[in-house]
Trainee: 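This structure is in structure tokens; I'll ask about it shortly.
Keep in mind it's a predicted model, so treat the numbers as computed, not measured. Letters A, B, ... are given to chains in the order of the sequence lines, protein chains preceding strands, and every chain is numbered from 1. Values below: all heavy atoms of this structure, side chains included; hydrogens, waters and symmetry mates excluded.
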There are 2 protein chains.
Amino acid sequence: MNPATRPTEIVSSAHDRVYRGLRTRIMLGQIAPGEALTLRGIGKEFEVSMTPAREAVRRLVAEGALSMSSSGRVQTPELSNERIEELAALRSLIEVELASRALPRAHMALIDRLQTINGTIAEVVRDRDAVGYIRSNLEFHRTLYLRAQAPAMLAMAETVWLQLGPTMRALYGRLRRSEAPQFHRLIIAALKAGDEPGLRLAVRSDVTQGLKMLAS
Amino acid sequence: MNPATRPTEIVSSAHDRVYRGLRTRIMLGQIAPGEALTLRGIGKEFEVSMTPAREAVRRLVAEGALSMSSSGRVQTPELSNERIEELAALRSLIEVELASRALPRAHMALIDRLQTINGTIAEVVRDRDAVGYIRSNLEFHRTLYLRAQAPAMLAMAETVWLQLGPTMRALYGRLRRSEAPQFHRLIIAALKAGDEPGLRLAVRSDVTQGLKMLAS
DNA sequence: ATCCGCGTAATGTGATCACAAATCGGGGCG
DNA sequence: CGCCCCGATTTGTGATCACATTACGCGGAT
């Protein structure tokens with residue numbers, strides 16, 4: 001609390017801890033759409049003052065992960081159907097490109113890793129663990145896209161995930177599925193075969209699939 | 001994230017004035033790549049304390065418009081060639097989609113407006129006014145994309161412009177051109193004809209054209 | 001019972017301060 | 001003459017505070 005009393009640990013700055021904490025919580029859908037947050041509440045939870053809390057919140061607002069009313073009140077955004085469609089289209093555009101760039105760099109170790117993650121997904125789906133599902137699903141995509149060696153594109157994709165986080169939870173909550181995602185298997189098959197058109201189609205399908213039914 | 005999505009703000013708060021001031025300056029390339037900024041300096045310039053200056057800077061860092069060293073020092077980023085290529089690819093992906101969505105909504109008034117802006121571009125090019133060129137060029141694109149009715153996509157595109165701002169200036173400074181951009185005329189022609197493939201190609205060419213020679 | 005006001009509590013904003021770390025300068029040593 | 005070290009200054013960070021504004025709940029009037 002008091003800077004003088006805090007031990008001199010090698011620790012990332014306060015606002016960064018707050019930022020990362022809130023970010024993963026939002027991206028994993030652990031905050032419901034429309035839920036309100038207060039600076040003092042955040043500061044209390046992370047044991048910091050208002051200043052780092054405000055900076056973390058401002059950053060998340062800039063990234064579209066939180067929305068801010070004209071009075072400065074902050075909450076997770078409730079997305080309109082039009083906005084969801086836009087974000088899904090953006091995911092499709094960017095992630096298809098990322099997958100395409102990752103394809104020539106994909107080797108067996110990567111495919112093995114993807115299959116392992118897919119196994120984890122099957123487990124959490126069986127357990128009806130929505131947060132675990134979102135986490136594993138994002139890990140699957142991120143693992144693939146990291147091979148593209150395109151940090152700016154990956155950052156853009158993650159920003160889109162962030163904006164979709166709260167509604168994603170709502171989606172997978174109502175989704176009655178019991179099997180591992182079929183499109184992930186198609187992605188892996190296309191990677192193995194070096195089939196770029198097939199990969200692009202599989203990624204686009206995987207990205208679009210779930211979000212379509214949210215617009216109903 | 002961008003002014004279009006921000007709710008109606010009656011009075012601009014201090015940090016917002018600082019943010020917008022720095023943002024347009026960066027996007028127009030009025031700050032050289034690698035130029036350093038200090039919080040106290042910014043605060044003094046905008047006649048505010050460090051607090052709003054810090055918030056504005058943090059927001060711009062989150063958007064990739066500024067880079068921050070581990071010690072917290074802030075400066076405009078010096079982009080590597082790989083990153084420039086990535087950002088150009090992102091511009092191409094997003095803006096082609098925006099243009100495509102704007103096409104069915106484009107009517108004569110819009111085309112007239114675009115032609116007027118193109119005339120302005122011809123003027124500033126004749127005067128060797130780099131900042132004026134960037135401003136008019138962005139206005140051309142934004143005017144077209146606003147018709148797409150896709151605020152999330154437009155925000156993404158503007159974020160990419162922001163990241164390219166400082167290097168854009170360097171590019172157009174060394175570019176020895178004296179005529180209005182040819183691809184803008186192709187865009188307008190495709191809009192008039194309702195030719196979607198032609199429009200997509202023209203936008204992609206316009207976006208890629210300039211940035212390619214920066215990677216030399 | 002419902003709706004409207006009003007007062008209190010809560011919240012965001014911005015300024016200021018203390019502190020630690022980094023940066024830059026000059027002076028001394030090799 | 002060049003390099004390194006050390007001190008002063010600059011700079012970012014985070015806490016605290018005062019203030020304006022907003023949201024909320026309680027009470028009364030219709």
Trainee: Taking B:E158 first and then B:R23, would you say they form a salt bridge - that is, a charged N and a carboxylate O separated by under 4.0 Å?
Mentor: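 Looking at B:R23 together with B:E158, the answer is yes, because their closest N to O distance falls below 4.0 Å.
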Trainee: Below 4.0 angstrom, N of the basic side chain to O of the carboxylate: do A:E55 and A:R17 qualify?
Mentor: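 No salt bridge links A:E55 with A:R17.
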Trainee: I'd like to check the side-chain contact (heavy atoms from CB on, under 4.5 Å) partners of B:S70; sequence neighbours left out, ordered by chain and number.
Mentor: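 Checked B:S70 against side-chain contact (heavy atoms from CB on, under 4.5 Å); zero matches.
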Trainee: Could you tell me how far apart B:E55 (CD) and C:dT13 (P) are, to the nearest whole angstrom?
Mentor: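 The distance from CD of B:E55 to P of C:dT13 comes to 7 Å, rounded to the nearest Å.
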Trainee: Does the plane of the ring in B:F140 sit parallel, tilted or perpendicular to the ring in B:H184? Use 30° and 60° as the thresholds.
Mentor: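 Rings of B:F140 and B:H184: parallel, as their planes differ by under 30°.
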Trainee: Pick out the pairs of N or O atoms, protein on one side and nucleotides 8-12 of chain D on the other, that lie under 3.5 Å.
Mentor:
| unit_1 | atom_1 | unit_2 | atom_2 | d |
| --- | --- | --- | --- | --- |
| D:dT11 | O4' | B:R73 | NH2 | 3.3 |
| D:dG12 | OP1 | B:L39 | N | 3.3 |
| D:dG12 | OP2 | B:L39 | N | 3.0 |
| D:dG12 | N7 | B:R40 | NH1 | 2.9 |
| D:dG12 | O6 | B:R40 | NH2 | 3.3 |

Trainee: Using rotation axes that map the C1' atoms of four end pairs onto the next four (five pairs an end), what angle separates the end axes of the helix from C:dA1-D:dT30 to C:dG30-D:dC1, to 10°?
Mentor: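 End-to-end axis angle for the helix from C:dA1-D:dT30 to C:dG30-D:dC1: 20°, rounded to 10°.
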Trainee: I'd like to check the side-chain contact (heavy atoms from CB on, under 4.5 Å) partners of B:R25; sequence neighbours left out, ordered by chain and number.
Mentor: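 Checked B:R25 against side-chain contact (heavy atoms from CB on, under 4.5 Å); matches are B:Q30, B:I31, B:E45, B:F46.
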Trainee: Any chance you could lay out the salt bridge (charged side-chain N to carboxylate O under 4.0 Å, His left out) test for A:E123 and A:R128, step after step, and finish with the verdict?
Mentor: CA-CA 9 Å; A:E123 288 177 25; A:R128 294 273 189 275; over 6 Å; no
Trainee: Ignoring backbone atoms, test whether B:H15 places a side-chain nitrogen or oxygen under 4.0 Å from the OP1 or OP2 oxygen of C:dG14.
Mentor: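 B:H15 to C:dG14 OP1/OP2: side-chain N or O found under 4.0 Å.
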Trainee: Without decimals, in angstroms, what is the distance between A:Q75 CD and C:dG12 C1'?
Mentor: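 Between C1' of C:dG12 and CD of A:Q75: 15 Å.
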Trainee: Apply side chain to side chain contact (heavy atoms under 4.5 Å, CB included) to the pair A:L146 and A:L110, showing each step before the final yes or no.
Mentor: CA-CA 10 Å; A:L146 270 176; A:L110 175 70; over 6 Å; no
Trainee: Could you list by number each residue of residues 42-49 of chain B showing a heavy-atom separation from DNA chain C of less than 4.0 Å, or answer none if no residue does?
Mentor: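 The answer is B:V48, B:S49.
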Trainee: Between A:H15 and A:R54, is any side-chain donor less than 3.5 angstrom from a side-chain acceptor?
Mentor: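 No, no side-chain donor-acceptor contact under 3.5 Å.
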Trainee: Can you name the residues that form a salt bridge (Lys or Arg N to Asp or Glu O under 4.0 Å) with A:R59, not counting sequence neighbours?
Mentor: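 With neighbours one apart ignored, the set is A:D16, A:E63.
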Trainee: Would A:E139 and A:R135 pass as an ion pair if we require N to O under 4.0 Å?
Mentor: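 So A:E139 does not pair with A:R135 through a salt bridge.
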